[in-house]
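In what follows, a single structure is set out as structure tokens and then discussed.
These figures come from a predicted structure and were not determined experimentally.
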Amino acid sequence: MTAEWHKSSYSSGNNECVEVREYAAGADVRDTQNRSLGHIAYSPDAWAAFLGKVKQSSR
């Protein structure tokens, strides 16, 4: 995993993007257009559960 911010592969192309920073202790998510507002931190378990739900809904 990387500790650098990157655009989420689940973001749409309509300026509705989020950036993710993943690391061993979980992940941080922020709004690309409002970076100065901070981010939401997820624990490893919460991040894995979130990704699992996103992957299920995209099928």
Side-chain angles (χ1 to χ4, degrees):
M1 291 197 186
T2 180
E4 294 183 27
W5 290 102
H6 62 276
K7 180 179 169 185
S8 170
S9 60
Y10 293 99
S11 291
S12 71
N14 301 338
N15 289 331
E16 297 173 358
C17 302
V18 295
E19 294 176 320
V20 179
R21 175 174 59 187
E22 299 171 291
Y23 46 93
D28 298 330
V29 178
R30 68 182 179 188
D31 182 342
T32 302
Q33 293 184 358
N34 296 292
R35 292 178 181 133
S36 64
L37 296 178
H39 63 272
I40 300 171
Y42 289 90
S43 70
D45 291 340
W47 185 241
F50 173 77
L51 290 179
K53 292 292 183 182
V54 169
K55 289 175 183 176
Q56 280 181 343
S57 69
S58 66
R59 292 183 189 171

Query - Partner set under side chain to side chain contact (heavy atoms under 4.5 Å, CB included) for Ala48, not counting sequence neighbours - result: none
Identify all side-chain donor-acceptor contacts of residues 35-44 below 3.5 Å with residues at least two apart in sequence or on another chain.
unit_1, atom_1, unit_2, atom_2, d
Arg35, NE, Glu19, OE1, 2.9
Arg35, NE, Glu19, OE2, 3.4
Arg35, NH2, Glu19, OE2, 2.7
Ser43, OG, Ala46, N, 3.2

Report task. Over all heavy atoms of both residues, which pair between Trp47 and Val29 is shortest? Give the atoms and the distance, please. Result -> CZ3-CG2, 3.5 Å
Requested in this report: Apply side-chain hydrogen bond (donor to acceptor under 3.5 Å, both in side chains) to Asn34 and list each qualifying residue two or more places apart in sequence or on a separate chain.
Outcome: Asp31
Query raised in the report: Applying salt bridge (charged side-chain N to carboxylate O under 4.0 Å, His left out), which residue pairs with at least one partner in residues 43-54 are found, sequence neighbours left out?
Result: none
